[in-house]
Asks: 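Below is the structure I would like to discuss, written out as C-alpha cells.
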Amino acid sequence: MAASGSAIGLGNIWRFPFYVSDNGGAAFVFLYLVFVIIIGLPYMMAEFALGRHMHKNGVGAIAGIKPGSVWKVAGLLGIATGIGILSYYGVIAGWTFGYVFKTALTEIDTGFIAQAFGGPTEFGKFASNAGLVIPLFFLFMLITTVVVYFGVEGGIEKWSKILMPILLVLLVGLIIYSNTLEGSSEGLKFYLLPDFSEVTGGTVLAALSQAFFSLSLGMGLMITYGSYLSKREDILESTLFIGGFDSMIALMSGLIIFPALYALGATSAGGAELVFVVFPEIFAKIPGGAIVGTIFFVLLSVAALTSTISLLEVPTAYLVDEFKMNRKSIVWFVSLFIFIVGLPSALSAGASDFLTNFGLFPEYLVKDRDFLSQFGFIFGDLSLSLGALLISIFIGWIWGAGNASDELEIGSKNFKKFRKIWIFMIRFFIPIVVFLILLNIFNVFDFVF
Ligand code: PHE
C-alpha cells in the first residue's frame with residue numbers, strides 16, 4: 001500500500017502527459033509501456049528482494065552485503081537523487097495545492113484572489129507570482145514534514161486508500177467527457193498512433209526514466225519499503241499490482257489530456273504547465289466544473305503527498321540509521337535544506353527570466369529551457385537511470401541473482417516459473433539496456449526505427 005502510494009503521484013498525472021507531449025506522442029507511450037514491463041517490474045522485484053532480505057534502507061543493505069566497498073556510492077547516489085527530486089517535485093505539489101484554491105475561489109472572488117491567482121484557466125500569472133508559489137511550496141513541504149515528524153504516514157495511506165478510488169472514478173468520467181468533445185480524435189491519434197520516425201536517443205531515455213520515475217525506482221526507495229515486508233508476502237504479485245495500477249493511472253491521464261488538448265485548440269501548451277492548463281480548461285467547460293475541479297486538485301494533492309512523504313523518508317531514514325541522529329529533529333533540517341535547493345525551481349516558471357530560460361542541456365535531451373526541467377533531467381532522468389544501473393549490477397552480480405531469486409521464491413506461488421528468465425534479466429538484460437540508453441545521450445548510435 002505504501003509503495004503504491006509512493007508510485008502513484010504527480011509522475012502519473014503531471015509528468016507522464018508532459019513527457020508524452022515533449023517526446024512526440026504515441027511512440028513514447030509505447031516505449032514507456034515496454035520499459036515498464038521488461039525493465040521496471042523485474043527491477044522493482046530486485047529492490048524489494050534486497051530490502052526484505054537485509055531489513056535495511058538502501059545504503060545500509062548494500063553496505064551490509066559488501067561492507068566497506070565502493071558500492072555504497074550506489075546507495076548514496078540514491079540519497080542525493082531523493083533530495084534532488086523532492087526539491088522540484090515539491091514545487092509542482094505546491095502548484096497543485098494552490099490550484100485547489102484557485103479553482104474553488106476564483107469563481108467566487110473577483111478581487112484579491114483573482115488578482116494573485118489569475119483567472120481559472122490562466123496559468124502564467126499564477127506560476128510567475130513568486131509571492132504565491134514560494135509560500136505554497138513551503139506549505140507543502142511543511143505538511144510533508146509534519147506527517148513524517150509525527151510518524152502518521154500509515155494514517156495518510158489509509159486515507160489515500162479511500163480517496164484513490166474516487167480519483168479513479170473522476171478520471172473515468174473525465175475520459176468520457178474529453179473524448180466526446182468535437183475534434184478530440186486528433187488528440188487521441190497523437191496519443192495512441194505511434195510514429196517511430198521521430199524517436200531519438202533522447203526519447204528513449206525519457207521513456208526509460210519515466211518508467212523508473214513513475215514506479216519510484218532507481219534510488220533504493222523500494223529497498224527500504226521491501227525491508228518492511230514479511231516473508232509471507234508475494235513480491236511477484238505485489239510488484240505486478242503496483243506496476244499495473246501505476247501505469248493505468250498514467251494512461252488514463254493521457255486519455256483525458258490529449259483529446260481535450262486538441263479539441264480545445266490549446267496545442268501550444270506543453271512542458272511542465274500542460275496539466276495545469278488543460279484540466280482547468282475542461283473544468284471551465286463542464287457545468288459545476290469548479291466543484292469537480294476543486295475535488296480533482298484535492299485528490300491530486302493527496303496523491304502527491306504520499307509521494308513526497310516517501311521522498312523525504314529516503315534521506316531521513318539514512319541519517320537516522322547510519323548516524324544515529326534523532327529522527328524528530330533531523331527531519332526539519334533535511335526538509336529545510338530541500339526547500340532551499342528547490343527555490344530556483346520555484347522561480348523558473350516566469351518569476352525570474354534567468355531561471356525561466358536557463359538552458360544547459362541540448363534541446364534533443366530536454367525540450368523545456370526552464371531551470372525546473374533542466375534540473376529535473378539531472379535527477380529524475382539521468383540519476384535515476386544511473387542508480388538503477390548500479391543497483392541492478394550490484395544485485396545481479398555482487399549479492400548474486402541466485403540469492404535474490406531465493407528471496408523472491410519465499411512467499412511466492414509463481415516465481416519459480418520465472419526464476420531463470422528473471423536471473424537473465426537482472427544480470428544481463430537490464431544493466432546492458434540501461435547502459436546503452438545512457439550512453440546514447442551522446443548520440444553514439446545513429447539508430448532510428
Ligand atoms: N513515483 C512518484 C510519482 O510518480 C515520484 C517518486 C519518484 C517518488 C521517485 C519517490 C521516488 O509521482
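We count ligands from 1, going down the list as the structure has it; atoms in each ligand are counted the same way.
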Asks: Compute the shortest N/O to N/O distance between Tyr89 and ligand 1 and return yes if it is under 3.5 Å, no if not.
Replies: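 Yes, there is a polar N/O contact under 3.5 Å.
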Asks: At less than 4.0 angstrom from any non-hydrogen atom of Phe213, what atoms of ligand 1 do you find?
Replies: 1 (N), 2 (C), 4 (O), 5 (C), 6 (C), 7 (C)
Asks: Kindly indicate whether the side chain of Thr239, heavy atoms from C-beta on, has any atom under 4.5 Å from the side chain of Ile235.
Replies: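 They are in side-chain contact.
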Asks: Got a list of side-chain donor-acceptor pairs under 3.5 Å for residues 155-176, not counting sequence neighbours?
Replies:
from	atom 1	to	atom 2	distance (Å)
Ser160	OG	Glu157	O	3.1

Asks: Can you see whether Asp246 engages Ser214 through a side-chain donor-acceptor pair at a distance of less than 3.5 angstrom?
Replies: yes
Asks: Which of these, Gly218, Ala7, Ser214, has its nearest heavy atom closest to atom 3 (C) of ligand 1?
Replies: Ala7
Asks: Which is it for Trp14 and Thr96 under the side chain to side chain contact (heavy atoms under 4.5 Å, CB included) test, yes or no, and what are the steps along the way?
Replies: CA-CA 10 Å; Trp14 159 74; Thr96 309; over 6 Å; no
Asks: Which is it for Ala303 and ligand 1 at heavy atoms under 4.0 Å: side chain, backbone, both or neither?
Replies: neither
Asks: Measure Ser216 to ligand 1 on non-hydrogen atoms and call it side chain, backbone, both or neither using the 4.0 Å cut-off.
Replies: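 It is both backbone and side chain that touch ligand 1.
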Asks: Within 45° of the axis and under 6.0 Å from the centre of the six-membered ring of Phe117, does NZ or CZ of Lys125 qualify?
Replies: no
Asks: Based purely on interatomic distance, does Leu311 place a nitrogen or oxygen under 3.5 Å from a nitrogen or oxygen of ligand 1?
Replies: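 Looking only at distances, the answer is no, because the N/O contact criterion of under 3.5 Å is not met.
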Asks: Under a 3.5 Å cutoff, is there a donor and acceptor pairing between the side chains of Ser216 and Ser6?
Replies: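 Judged by distance alone, the side chains do pair up.
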Asks: Is the shortest N/O to N/O distance between Leu10 and ligand 1 below 3.5 Å?
Replies: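 Yes - when backbone and side-chain N and O of Leu10 are compared with those of ligand 1, one distance drops under 3.5 Å.
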Asks: Report the part of Met219 in contact with ligand 1, treating N, CA, C, O as backbone and CB onward as side chain, heavy atoms under 4.0 Å; options are side chain, backbone, both, neither.
Replies: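 Only the side chain of Met219 comes within reach of ligand 1.
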Asks: Starting from atom 2 (C) of ligand 1, locate the nearest protein heavy atom and write down its residue, its atom name and how far away it is, to 0.1 Å.
Replies: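 In this structure, atom 2 (C) of ligand 1 has Ser6 O, 3.1 Å as its nearest protein heavy atom.
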Asks: Does a donor on one side chain sit under 3.5 Å from an acceptor on the other, for Asp381 and Tyr19?
Replies: yes
Asks: Show me which atoms of ligand 1 lie under 4.0 Å from any heavy atom of Ser310.
Replies: 10 (C)
Asks: Below 4.0 Å, non-hydrogen atoms only: which portion of Leu221 touches ligand 1? Side chain, backbone, both or neither.
Replies: side chain
Asks: Quick one: does Ile85 get an N or O within less than 3.5 Å of an N or O on ligand 1?
Replies: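 No; the residue has no nitrogen or oxygen that sits under 3.5 Å from a nitrogen or oxygen of the ligand.
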Asks: Counting both backbone and side chain atoms, is some N or O of Gly11 under 3.5 Å from an N or O of ligand 1?
Replies: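 Gly11 vs ligand 1: N/O contact under 3.5 Å present.
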Asks: Hey, can you tell me if Trp399 and His53 have their rings parallel, tilted or perpendicular (30° and 60° cut-offs)?
Replies: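 Rings of Trp399 and His53: tilted, as their planes differ by 30° to 60°.
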Asks: Looking at Asp22 and Arg369, is any side-chain nitrogen of the basic one under 4.0 Å from a carboxylate oxygen of the acidic one?
Replies: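 No salt bridge links Arg369 with Asp22.
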